[in-house]
Amino acid sequence: MRRIPPHVWLLAPALSFVAAMALFPLGYSLVLSFREWKLAASGAPGAWVGLANYWLLVSDDPEFLEALAATAVFVAADVIATLAIALGAALLIKRAGRINSLARVLMILPFVMSPALIGISFRFFLNPEFGIAHHLIGMLVPALAGRVWLADPTLAMIAVIASDVWHWAPYMTLVVLGGLASIPQETEEAARVDGASPWAVFRDVTLPQLLPVLGVVAVLKTVFALKAFDTIYTLSNGGPGTATQTLAYFVYQVAFNHYDMGYAAAAAYVLTAALLVLSVFYLRLVFRK
Amino acid sequence: MSAASVPGVPGYRAGPAERAAGWLRALAVFVIIAAILLPIFWIVLTAFKVPRDVYTLDAALWFAPTLENLRTVFEHPWNLGSKIVNSVLVASGTVLLAIPMATMAAYAFARFEFRGKQALFLVVIASQFIPAAVIVLPYFLMFKQAGMLDTRSALVLVNLSIVLPYAVWMIKGFIDAVPVEMEESAMVDGASRARVITEIVVPAALPGIITAAVFGFTLTWNEFLFALIISKQDALTLPIGLIGFRTDRGDLWELMAAGGILITAPMFVVSLLVHRQFIGSLTAGAVR
Amino acid sequence: MTTITLSGIDKSFGAVRIVRDLNLTVADREFLVLLGPSGCGKTTTMRMVAGLEHPTLGEIAFDGVRINEVPTQRRDVAMVFQNYGLYPHMSVAQNIAYPLKLRGVPAAERERLVARAAERVELTPYLARMPRELSGGQRQRVALARSIVRKPRVFLMDEPLSNLDAKLRVVARAQIKHLAQELEVTTIYVTHDQVEAMTLAHRVAVMRDGVIHQLGAPAEIYNDPADAFVAGFIGNPAMNLVDVEAEGAGVRAEGGLAIALAAPRPGRLTLGARAEDMRIVPASEAHFQAPVYTFELLGEATMATVMVGHTLVAIKAPKDLRLEPDTRIGVRFDPARLFWFDAASGARVRA
């Protein structure tokens with residue numbers, strides 16, 4: 001009998017779980033997306049409908065198209081805000097110092113906080129009667145004083161984005177800090193000796209070397225934004241109306257409020273396609289040799 | 001010998017612009033710290049307020065603190081106690097299953113050369129990108145048929161799908177950093193492969209393995225979507241318990257805040273305990 | 001065109017005092033080497049001249065004008081870093097051109113100057129390459145070209161040869177010496193390698209623990225060391241230093257070996273002599289006798305080592321001599337090339 005090489009039995013448990021818990025559902029959902037299955041009516045999958053679920057999504061479901069639009073706004077604003085804050089904060093606290101290392105340690109806190117709790121908390125802070133953030137923002141920006149945040153489509157979207165940025169920007173700051181730390185200090189010093197002002201050092205030497213890390217941050221944050229569900233569910237419930245209903249939230253609604261499994265699987269696959277494309281970008285960025 | 005000594009002359013005198021810039025930076029760092037801490041601080045305060053003080057801003061900072069909320073959340077109908085038990089069991093079950101499997105796989109990826117290794121590893125990493133909805137849909141249907149909906153085992157299974165890939169990647173990074181000479185010298189001394197792994201590699205990579213365990217625990221502890229779909233009553237976890245405070249009578253903020261403390265405090269404690277390795281390994285992936 | 005004056009310079013990092021009350025003037029167009037073991041403060045001193053560190057106390061002046069508060073980019077210095085500090089995302093040509101670009105030199109002029117600098121260090125074929133595609137020696141030359149592409153007030157070089165292999169180091173050393181003579185710019189050169197110091201410097205400052213132990217021309221430092229540290233640091237092999245105690249007409253080494261040399265004063269002393277200033281002689285002429293510990297062939301000479309007390313003492317001998325271990329040999333010092341130091345402080349004791 002041939003001996004089984006050690007890497008096979010070392011890999012077998014983990015890989016079979018990954019296959020069962022991730023790859024199998026990936027295939028199953030794809031199959032499901034070609035079938036009709038209203039769970040409320042029947043416990044078993046219904047007829048094969050080909051691409052009808054997909055066709056319905058794009059041709060006759062304004063709610064899906066709105067969700068696409070909301071997703072685009074949410075992801076774009078979320079990624080840009082997170083990148084800007086993470087880069088700014090990282091540059092600010094990269095120097096040694098007691099306050100800066102305190103800030104670095106505190107950056108972990110929002111990241112390990114339950115996103116559901118963050119959504120709930122932001123909802124509380126924005127309450128028009130006794131919300132502390134509603135009150136403070138009203139004092140700083142009088143134009144917003146009387147507005148009910150979660151009843152206004154634009155403000156609600158801003159609130160949802162803000163809660164997600166609060167959750168992720170500190171973590172991304174740590175990632176950017178890691179990137180800054182990996183830049184050889186001598187290159188920045190050489191630039192200063194060569195006559196570069198602080199701004200020129202940043203523009204010509206620091207930023208170009210940081211770009212790969214910023215790329216990783218951008219792709220990762222895009223992925224997390226596309227998958228964002230908890231904060232939206234607990235903060236705005238996708239509302240007012242469907243103003244903050246992103247694709248991930250839409251899939252949940254179709255599957256577990258309308259119990260339209262085939263249709264949900266089709267919508268989920270639109271999201272999956274986007275994420276798989278991003279994962280290729282991500283793997284290229286991280287594993288390029 | 002050379003120039004006359006000028007003892008005691010300050011080596012550097014910052015100009016006014018430089019000093020102003022220094023103050024601005026300090027202020028900005030202060031704003032960052034405040035932005036992180038104030039929301040947390042406000043939730044903590046709210047947890048110790050009686051409802052009357054919650055529903056007004058007049059008692060923002062000055063109020064008579066009460067432990068009533070922290071007691072109430074453990075009582076019927078909230079029963080956060082049983083939700084804590086569920087969360088602890090689901091999170092520790094997931095971690096206890098995931099970490100040994102992930103360590104074995106990470107070791108294989110780190111130390112063996114075999115056909116398709118790169119592809120397999122990329123598939124494991126990429127599986128994190130599958131949206132949760134895609135994973136939960138089939139399993140919701142299967143658990144429903146198998147009568148496993150609303151069980152902790154079902155939650156452990158689906159949580160493995162997010163924890164395993166992260167853990168494999170993180171632990172592999174730490175095993176890569178263990179010098180292969182350590183293993184070779186143990187093998188020269190006569191240790192078997194299994195002994196090398198358990199007696200050399202695992203102890204050397206232990207900080208990383210613990211970090212991965214903490215990280216996996218945190219992910220599972222905070223996991224929301226799977227729990228929302230799969231648990232109904234018996235297997236409810238803490239994050240789902242929180243949304244229970246949204247009632248017909250309105251949102252019970254002081255109870256949510258008390259529940260929030262319960263869900264957050266343990267995560268703060270463990271993550272601060274391992275923060276050095278935590279920061280290192282979380283950022284290592286992106287910058288290597 | 002630039003005289004550098006360091007007056008009363010002190011530098012502490014937290015509680016650690018790296019440089020202590022350092023006073024030093026580097027004359028215009030002088031090539032000064034800061035020499036010392038790692039951690040002696042030589043690199044910190046250079047970085048303060050560059051403005052990359054601020055002194056805790058004291059004044060740094062260029063041509064008599066205090067520059068402590070002038071930021072690095074306005075000091076008009078050029079520097080070669082130990083790891084070169086090349087910009088990894090710029091080509092060789094862009095790396096060399098960067099200082100000119102910052103000074104607003106027009107593109108055509110820039111190209112001409114880059115070409116000239118590259119030619120001087122033989123980099124012309126590599127101008128389009130990226131730094132990661134270059135060998136260590138080529139990278140070192142890019143760093144050199146980047147610093148000579150303009151005419152700075154001051155040249156700073158921080159161990160520029162330490163990352164090269166031994167063979168390449170000799171070539172690069174000659175190249176630096178040649179460039180320095182041609183460019184005539186005030187230069188501070190940091191190294192822990194005494195051969196580099198001896199071959200390149202007009203003057204050498206030997207540093208330890210943040211203090212200059214001796215400042216002088218290479219020959220002066222070699223032939224007339226100010227203390228036991230300098231004596232032991234300069235020369236290859238290092239000067240033999242033996243702790244002795246004056247006794248009667250001679251001295252006695254630890255362990256009891258008598259040496260027939262008259263001590264300049266009573267008490268505990270350190271006797272110093274270089275390997276080439278000692279000879280193997282018949283017992284009748286010897287200052288002391290000892291058995292051979294090892295015997296090595298060096299090619300152009302041989303080296304006998306004997307144990308004196310607890311110290312190994314090396315003696316250079318003719319190239320055709322052959323000695324077996326444990327042979328008892330007589331050793332004679334050259335009295336004119338003998339150094340005495342206080343055993344406790346290391347200070348030179350002159351006869």
Side-chain angles (χ1 to χ4, degrees), chain A residues 83 87 90-105 175-219 281 284-289, chain C residues 13-14 43 46-53 70-91 94-105 130-132 139 142-160 163 188:
Chain A
L83 260 181
L87 179 61
L91 289 171
L92 198 61
I93 64 173
K94 76 168 174 174
R95 295 190 199 178
R98 213 170 298 168
I99 298 291
N100 287 353
S101 39
L102 171 70
R104 273 194 284 269
V105 172
V175 176
V176 176
L177 274 173
L180 285 172
S182 73
I183 294 176
Q185 208 187 330
E186 287 191 338
T187 60
E188 292 171 336
E189 290 178 349
R192 287 168 64 193
V193 171
D194 284 346
S197 65
W199 165 245
V201 173
F202 175 72
R203 183 196 57 205
D204 298 336
V205 177
T206 312
L207 192 59
Q209 294 188 77
L210 198 59
L211 275 183
V213 172
L214 293 180
V216 170
V217 169
V219 174
F281 273 112
R284 280 244 177 104
L285 276 172
V286 175
F287 291 95
R288 104 207 104 86
K289 289 274 147 73
Chain C
F13 291 104
T43 296
M46 165 178 285
R47 289 171 59 83
M48 287 192 284
V49 174
L52 297 170
E53 308 283 357
V70 178
T72 300
Q73 69 265 24
R74 281 195 248 123
R75 289 193 188 186
D76 195 16
V77 300
M79 184 161 170
V80 177
F81 289 80
Q82 185 170 7
N83 296 314
Y84 316 136
L86 301 185
Y87 311 124
H89 54 290
M90 297 186 196
S91 70
Q94 288 168 323
N95 262 282
I96 301 174
Y98 189 60
L100 303 174
K101 206 171 151 190
L102 289 166
R103 284 167 179 74
V105 176
M130 298 304 276
R132 66 173 170 276
R139 286 180 204 186
V142 177
L144 211 52
R146 188 172 63 185
S147 62
I148 60 167
V149 72
R150 63 194 157 108
K151 185 139 188 172
R153 294 182 76 177
V154 172
F155 258 141
L156 304 172
M157 303 200 197
D158 184 8
E159 308 247 8
N163 285 336
I188 300 180

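All values reported here derive from a predicted model rather than from experimental measurement. In the text below, chain A, chain B and the rest are named by the order of the sequence lines, each starting its count at 1. All heavy atoms count here, side chains included; hydrogens, waters and symmetry mates do not.
Salt bridge annotation for C/R47-C/D158: absent, with no cationic side-chain nitrogen under 4.0 angstrom from a carboxylate oxygen.
Note on A/A196, A/S197, A/P184: by heavy-atom pairs under 4.5 Å with chain C, the leading option is A/A196. The most heavy-atom pairs under 4.5 Å with chain A, out of C/V77, C/D76, C/L100, come from C/V77.
For residues 188-218 of chain A, the ring pair (Phe, Tyr, Trp, His ring centres under 6.0 Å) pairs, not counting sequence neighbours, are A/W199-A/F202.
In this structure, C/V49 and C/R75 approach most closely via the heavy-atom pair O-NH1, 3.0 Å.
Looking at C/L52, the atoms closer than 4.5 Å to chain A (heavy atoms on both sides) sit in the backbone and in the side chain alike.
Because its NZ or CZ atom is both nearer than 6.0 Å to the ring centre of C/Y87 and within 45° of the ring axis, C/R146 counts as a cation-pi partner of that residue.
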